[in-house]
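My questions will all concern the structure given below.
Letters A, B, ... mirror the listed sequences (proteins, then strands); counts begin at 1.
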There are 2 protein chains.
Amino acid sequence: MSNISIYTDKLRESGLRPTRQRLKICEVLFSPEKTFHFTINDLTKIIENKLSEKISLATVYNTIHAFKNKGYLKEISINSDKSYFDTNVTEHHHFFDEDTNELIDCNNDDIDSVNIKKNITGKKIKSVEVLIKVASDNQNQN
Amino acid sequence: MSNISIYTDKLRESGLRPTRQRLKICEVLFSPEKTFHFTINDLTKIIENKLSEKISLATVYNTIHAFKNKGYLKEISINSDKSYFDTNVTEHHHFFDEDTNELIDCNNDDIDSVNIKKNITGKKIKSVEVLIKVASDNQNQN
DNA sequence: TCAACAGTTTAGAATTGTTTTAATGTAAAT
DNA sequence: ATTTACATTAAAACAATTCTAAACTGTTGA
Ligand SMILES: [Mn+2]
Ligand SMILES: [Mn+2]
Ligand SMILES: [Zn+2]
Ligand SMILES: [Zn+2]
């Protein structure tokens, strides 16, 4: 499939030139039908498999940050160990499975929209997100 | 005030002996009327001011983790830079001010309780928390 | 055509928050 | 008192992320 022009557009929109490495990142991120969650390490490994060649961590970080700033990716903080990124850039909620450290999207019709009665003077709400931590029954609570 | 026996109890309950350093940590954490949010660095500085003496980071980390495991503190992840801790251990929601990097508690009557219609098979819900990111109007969205 | 430029890749170094280590010190139990 | 277990500490190790600077690549325009 010739998604390549889509990828070059996204890169240019993000202020980046389309290069071999960056196009491969795009392929991994934007060709799957389903959105997904990943860490920088996940992504780097996937790319090195597909590319059969090393890619520099600096390139991955740079590209991911540019996409995040442009709004083509979201960053999700679960614990402070490492960052998770999300190719689903719509505002949505998450389950986090503490047994497997896995993030699971929550469809908007799985949660009633959150009704906030308070506001901070002089501040605008930028996002409202719910995080539901789950674990198998016989598990020590976090 | 003689909160000291309260502090020693909390320490013992957490599996720790009461020492000068740990009692000072307790005083900073548990004597204020209002709950508050802090980072390890915040806390260490406060303690060193009150104590007029250095305290080892390792001691602070150990004590804070023991309290967290016992449920006397909560850990909150906002971004992956650093951990925030909360002396308010009830389940509650937060505003996060992106301009100042400040956490603000959300009273339970400021948000309708979140209604979750989906569940993950074999998993129990451990917590449900809402994070509302805010910023001053003329601000670039995260 | 090809030199000059702007932006890119990369390995490795630096930085930051956190955890571990191991030597020394202190509280508690006997 | 003596012994034991646990604490404190500075410093080292660690892991995620960011920065650096040298080599590289694609583009531009003389
Ligand atoms: Mn961050
Ligand atoms: Mn870190
Ligand atoms: Zn998601
Ligand atoms: Zn709070």
So, does B:His65 get its side chain near the phosphate of C:dT18, meaning an N or O under 4.0 Å from OP1 or OP2?
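No, outside the criterion.
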Among A:Tyr7, A:Phe85, A:Tyr72, A:Phe36, the one residue meeting side chain to side chain contact (heavy atoms under 4.5 Å, CB included) with A:Leu29:
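That would be A:Phe36.
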Are the side chains of A:Thr44 and A:Ile55 in touch, meaning some heavy atoms are under 4.5 Å apart?
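Side chain of A:Thr44 against side chain of A:Ile55, heavy atoms only: contact under 4.5 Å found.
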Within-4.5 Å side-chain heavy-atom neighbours: B:Ile76 and B:Phe96
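Counting from C-beta outward, B:Ile76 and B:Phe96 never come under 4.5 Å.
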Does D:dT17 have its OP1 or OP2 closer than 4.0 Å to a side-chain nitrogen or oxygen of A:Ser83?
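It does, given that an N or O in the side chain of A:Ser83 lies less than 4.0 Å from OP1 or OP2 of D:dT17.
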Just how far, in rounded Å, is P of C:dT8 from CG of A:Leu23?
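Answer to the nearest Å: 12 Å.
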Selection: residues 46-57 of chain B, any non-hydrogen atom under 4.0 Å of DNA chain D:
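Correct list: B:Lys54, B:Ile55, B:Ser56.
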Starting at atom CG of B:Asp42, determine the distance to atom P of C:dT16, rounded to an integer number of angstrom.
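That distance rounds to 16 Å.
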Produce the list of close N/O pairs, under 3.5 Å, pairing protein atoms with atoms of nucleotides 21-24 of chain C; give distances to one decimal.
none

Counting only heavy atoms from other residues, nucleotides and ligands, does the tally under 6.0 Å from NZ of A:Lys34 exceed 12?
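12 or below, so no.
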Within this structure, what is the CG-to-P distance between A:Asn79 and D:dT17, rounded to whole angstrom?
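It is 10 Å, rounded to the nearest whole Å.
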Rounded interatomic separation in angstrom, taking CD1 from A:Ile40 and C1' from D:dT18
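Distance check: A:Ile40 CD1 to D:dT18 C1' gives 12 Å.
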Min side-chain heavy-atom separation A:Glu91-A:Val128 under 4.5 Å
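They are in contact (side-chain heavy atoms under 4.5 Å apart), so the answer is yes.
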Can you measure A:Asn41 atom CG to D:dC14 atom P for me and round it to whole angstrom units?
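Computing the A:Asn41:CG to D:dC14:P distance gives 17 Å.
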I'd like to know if the side chain of A:Thr59 pairs up with that of A:Asn62 as donor and acceptor (distance under 3.5 Å, no hydrogens or angles considered).
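No - no donor-acceptor pair under 3.5 Å links their side chains.
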Hey, what do you get for NZ (B:Lys10) to CD1 (B:Ile25), rounding to the nearest 0.5 Å?
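Answer rounded to 0.5 Å: 14.0 Å.
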In degrees rounded to 10°, what angle is found between the helical axes fit to the five outermost pairs at each end of the helix from C:dT1-D:dA30 to C:dT30-D:dA1?
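One end's axis against the other's: 10°.
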Over how many whole Å does the gap from A:Ile78 atom CD1 to D:dA16 atom P extend?
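Atom CD1 in A:Ile78 sits about 16 Å away from atom P in D:dA16.
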Please determine whether a side-chain nitrogen or oxygen atom of A:Tyr61 lies at a distance below 4.0 Å from atom OP1 or OP2 of D:dT17.
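For D:dT17, OP1/OP2 do have a side-chain N/O of A:Tyr61 under 4.0 Å.
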Measuring only between side-chain heavy atoms, which start at C-beta, is A:Glu27 closer than 4.5 Å to A:Ile47?
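Sidechains of A:Ile47 and A:Glu27: no contact.
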Check this one for me: any side-chain N or O of B:Thr19 less than 4.0 Å away from OP1 or OP2 of D:dT8?
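Indeed, a polar side-chain atom of B:Thr19 lies that close.
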pair B:Arg17-B:Arg22: side-chain heavy atoms closer than 4.5 Å
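Yes, close enough: below the 4.5 Å cut-off.
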Gap between atoms CD and C1', on A:Gln21 and C:dA11 respectively (whole Å)
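Distance check: A:Gln21 CD to C:dA11 C1' gives 14 Å.
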Pick base, sugar-phosphate or nothing for B:Thr59, based on heavy-atom distances below 4.0 Å to the nucleic acid.
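B:Thr59: base contact, heavy atoms under 4.0 Å.
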Would you mind reading off the distance between A:Asp81 atom CG and C:dT16 atom C1', rounded to a whole angstrom?
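Rounding to the nearest Å, CG of A:Asp81 and C1' of C:dT16 are 14 Å apart.
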Rounded distance [0.5 Å steps], CG in A:Asp81 versus OG in B:Ser83:
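Nearest 0.5 Å value for the CG-OG distance: 8.0 Å.
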Residues in side chain to side chain contact (heavy atoms under 4.5 Å, CB included) with B:Asp110, at least two apart?
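Partners of B:Asp110 under the side chain to side chain contact (heavy atoms under 4.5 Å, CB included) test: A:Lys118, B:Cys106, B:Asn107.
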Please report the closest heavy-atom contact between A:Tyr84 and A:Asn101, naming both atoms and the distance.
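Answer, listing the atom of A:Tyr84 first, then A:Asn101: OH-O, 3.6 Å.
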Could you tell me whether the side chain of A:Asp105 reaches within less than 4.5 Å of the side chain of A:Asp86, counting heavy atoms only?
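Yes, side chains in contact.
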Can you give me the N/O atom pairs linking the protein to nucleotides 28-30 of chain C at distances under 3.5 Å, or say none if there are none?
{"from": "C:dA28", "atom 1": "OP1", "to": "B:Arg12", "atom 2": "NH2", "distance (Å)": "2.7"}

Can you list the other members of the hydrophobic cluster that holds A:Val89, where links are side-chain heavy atoms under 4.5 angstrom apart?
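Besides A:Val89, the hydrophobic cluster comprises nothing; the residue is isolated.
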Could you tell me whether A:Gly15 contacts a base, only the sugar-phosphate backbone, or nothing, with contacts defined as non-hydrogen atoms closer than 4.0 Å?
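Nothing, no nucleic acid heavy atom in range.
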Does OP1 or OP2 of C:dT9 have a side-chain N or O of A:Arg22 closer than 4.0 Å?
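So the side-chain polar atoms of A:Arg22 do come within 4.0 Å of the phosphate oxygens OP1 or OP2 of C:dT9, strictly under.
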Does the ring of A:Phe95 carry B:Lys123 above it, NZ/CZ under 6.0 angstrom from centre and within 45° of its axis?
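Verdict for A:Phe95: no cation-pi partner in B:Lys123.
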